[in-house]
Amino acid sequence: MIYPLYTLCAALGLFILWVMTSIYLLLTPTKGRPINKQERSNSALILIDMQSDYTRREGKNSYRPEDVETLIGNVNALIRKAEAQNMPVVTIRQVTHGKLKIAVNRMLAGPEGLAGNPGIYFDDRIKVSPTADFEKERGDAFSTLAFEDWLAANKISQLYIAGIDGCYCIKNTSFGGRNRDYDVTIIEDATLTVFPDRWTKVRQHLKEAGARFSSVAAAF
C-alpha cells in the first residue's frame, strides 16, 4: 500500500507546485530585450481586460456600476481621440484555456475570463473596432508573443494604457513595457481598480519604473 500512497502524495505535490507556479506567473511582469527606439516612432492605445465578465461582475471584488459607467465613458472618449489621430487601438483580453487551467481558475478566482464564456469579449458599451486583438493568460500582455511581434511590426515605442484592473493587469503590462524600454503612459481616469487602497503604492512603484500618468483630456 505504501507505493500507491507515495505516488498519490507525489502527484499531489506536483499539482500544488504547478498551481503555485501558475499563480506566480500570472502575477509577475515579464522581461524582454530592450527595444531600439531609433527604429520605432509610433504610438498605440492599449485597452486591457474591458470584458463584460469583469465590467458586469457582481459580488466580491466587483466594480461599482457607477464607476464602470464613468470608466466606459472615458474609454470611449479616449478611443475617439486615438481614431481621430489614426492611432492604432489594441484590445487585450484575459482568456484562460485548457480544462485543468479552467478548473483551477474557476476554483481560485471565479468563472470570469474562461474560454467559452460569452463574457470574454469586450463590453458592448465600449465603442471600438480594434486594429488588433490579443488574448493573454497572464497579467502581463507581453506574455503573449503575438502582441510583442505586432508592436515590433508596427514600429510602436509609445504605449498609452487604459482599462482594468489597475493593481493587476494594468500594472503588470506597464512593468512589462518598461522592462523592454517602451515609453508607457497610463491614462488614469480611463483606468479602474477594485483595490483603490493599494493604488497609491502601485502608482508610486510604476512612476519609479519610469511610467507616466495622464488623463483623457491631456492624452496624445
Side-chain angles (χ1 to χ4, degrees), residues 35 37 39-56 63-94 120-136 139-142 144 146-178 180-194 196 199 202-203 206-207 209-220:
I35 63 172
K37 291 183 180 178
E39 298 176 351
R40 304 188 186 197
S41 59
N42 296 330
S43 302
L45 173 60
I46 314 298
L47 303 178
I48 296 178
D49 292 357
M50 296 288 292
Q51 299 151 248
S52 58
D53 261 357
Y54 303 117
T55 58
R56 299 181 185 273
Y63 303 98
R64 297 192 306 172
E66 58 269 32
D67 291 340
V68 172
E69 287 291 344
T70 299
L71 174 69
I72 288 174
N74 289 343
V75 168
N76 281 335
L78 194 60
I79 292 168
R80 290 193 296 271
K81 288 189 72 173
E83 291 175 342
Q85 298 188 28
N86 294 317
M87 181 184 298
V89 179
V90 179
T91 52
I92 306 290
R93 296 179 294 115
Q94 182 76 24
I120 62 173
Y121 299 100
F122 262 43
D123 190 309
D124 58 13
R125 293 171 292 178
I126 300 170
K127 307 306 179 184
V128 62
S129 297
T131 311
D133 175 79
F134 299 97
E135 295 181 1
K136 61 180 176 61
D140 180 1
F142 283 92
T144 297
F147 171 60
E148 193 164 8
D149 290 344
W150 183 92
L151 294 174
N154 289 273
K155 301 186 183 302
I156 305 294
S157 62
Q158 169 70 63
L159 307 178
Y160 293 95
I161 296 178
I164 54 180
D165 184 282
C167 291
Y168 288 98
C169 296
I170 298 291
K171 178 194 74 173
N172 287 344
T173 299
S174 297
F175 276 126
R178 290 302 301 143
R180 295 162 171 79
D181 204 27
Y182 282 88
D183 294 321
V184 172
T185 300
I186 299 165
I187 311 303
E188 199 160 12
D189 54 353
T191 297
L192 188 61
T193 179
V194 78
W199 177 242
V202 168
R203 190 182 191 278
L206 287 166
K207 287 185 69 175
R212 295 187 291 267
F213 291 82
S214 187
S215 64
V216 173
F220 323 142

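Positions are given from 1 along the sequence. Everything numeric here is computed off the predicted structure, so don't read it as measured data.
- For the pair Asn154/Pro88, no side-chain contact is recorded, criterion being any heavy-atom separation below 4.5 Å from C-beta on.
- Residues Lys136 and Cys169 are in side-chain contact: their nearest non-hydrogen atoms beyond the backbone lie under 4.5 Å apart.
- Contact of the Phe142 side chain with the Arg180 side chain is registered, since non-hydrogen atoms from C-beta on lie closer than 4.5 Å.
- Using modelled atom types, one side-chain atom of Thr144 and one backbone atom of Glu135 make a donor-acceptor pair closer than 3.5 Å.
- Side-chain contact between Ile126 and Ile79 is present, with heavy atoms from C-beta onward closer than 4.5 Å.
- Scanning all heavy atoms of the two residues, the minimum distance from Thr185 to Ser214 falls at CG2-CB, 3.7 Å.
- Side-chain contact between Met87 and Gln158: absent, with no pair of heavy atoms (C-beta onward) separated by less than 4.5 Å.
- Every ring-ring contact (aromatic ring centres under 6.0 Å, His included) that Phe220 has, sequence neighbours left out, goes to Tyr160.
- Checked by atom type and distance alone, the side chain of Asp189 never pairs as donor or acceptor with a backbone atom of Asn74 at under 3.5 Å.
- With a 4.5 Å cut-off on side-chain heavy atoms, Lys171 and Ile186 do not count as touching.
- Using modelled atom types, no side-chain atom of Gln51 and backbone atom of Arg93 make a donor-acceptor pair closer than 3.5 Å.
- Using a distance-only test at 3.5 Å, with no hydrogens or angles considered, no donor-acceptor pair links the side chain of Arg64 to the main chain of Val68.
- Taking the side chain as every heavy atom from C-beta outward, Tyr182 and Ile35 approach each other to under 4.5 Å.
- Of all heavy-atom pairs spanning Ile187 and Ala162, the tightest one is CB-CB, 4.4 Å.
- No salt bridge links Asp181 with Arg40; every basic N to acidic carboxylate O contact stays at or beyond 4.0 Å.
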Quiz prompt | Derivation of the side chain to side chain contact (heavy atoms under 4.5 Å, CB included) call for Val90 and Ile156 | solution = CA-CA 12 Å; Val90 179; Ile156 305 294; over 6 Å; no
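- In this view, Phe122 satisfies the ring-ring contact (aromatic ring centres under 6.0 Å, His included) rule with no residue, not counting sequence neighbours.
- Minimum interatomic distance between Ala190 and Leu78 (heavy atoms only, all atoms of both residues): CB-CD2, 4.1 Å.
- Put simply, the side chain of Thr131 gets close to the backbone of Val89: a donor and an acceptor are under 3.5 Å apart.
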Exercise. Show your working on side chain to side chain donor-acceptor pair (under 3.5 Å) between Asp183 and Ser157 and close with a plain yes or no.
Key: CA-CA 6 Å; Asp183 294 321; Ser157 62; 4.8 Å; no
Practice problem: Before giving the answer on side chain to side chain donor-acceptor pair (under 3.5 Å), spell out for Asp165 and Thr193 the whole-Å C-alpha distance, their side-chain angles and the decisive distance to 0.1 Å. | Solution: CA-CA 5 Å; Asp165 184 282; Thr193 179; 2.8 Å; yes
Practice problem: Kindly indicate, with the supporting measurements, whether the criterion side chain to side chain contact (heavy atoms under 4.5 Å, CB included) is fulfilled by Arg125 and Glu69. | Solution: CA-CA 9 Å; Arg125 293 171 292 178; Glu69 287 291 344; 2.6 Å; yes
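- Between the Asp49 side chain and the Gly139 main chain, no donor and acceptor come within less than 3.5 Å of each other.
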Quiz item: Where do Leu71 and Met50 land on the side chain to side chain contact (heavy atoms under 4.5 Å, CB included) test, with the steps shown first?
Solution: CA-CA 10 Å; Leu71 174 69; Met50 296 288 292; 3.6 Å; yes
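- Within a 6.0 Å radius of NZ in Lys37, more than 12 heavy atoms belonging to other residues, nucleotides or ligands are found.
- Using a 4.5 Å heavy-atom cutoff, the side chains of Cys167 and Trp199 are in contact.
- Side-chain atoms of Lys81 come within 3.5 Å of backbone atoms of Val216 as a donor-acceptor pair (strictly under, hydrogens ignored).
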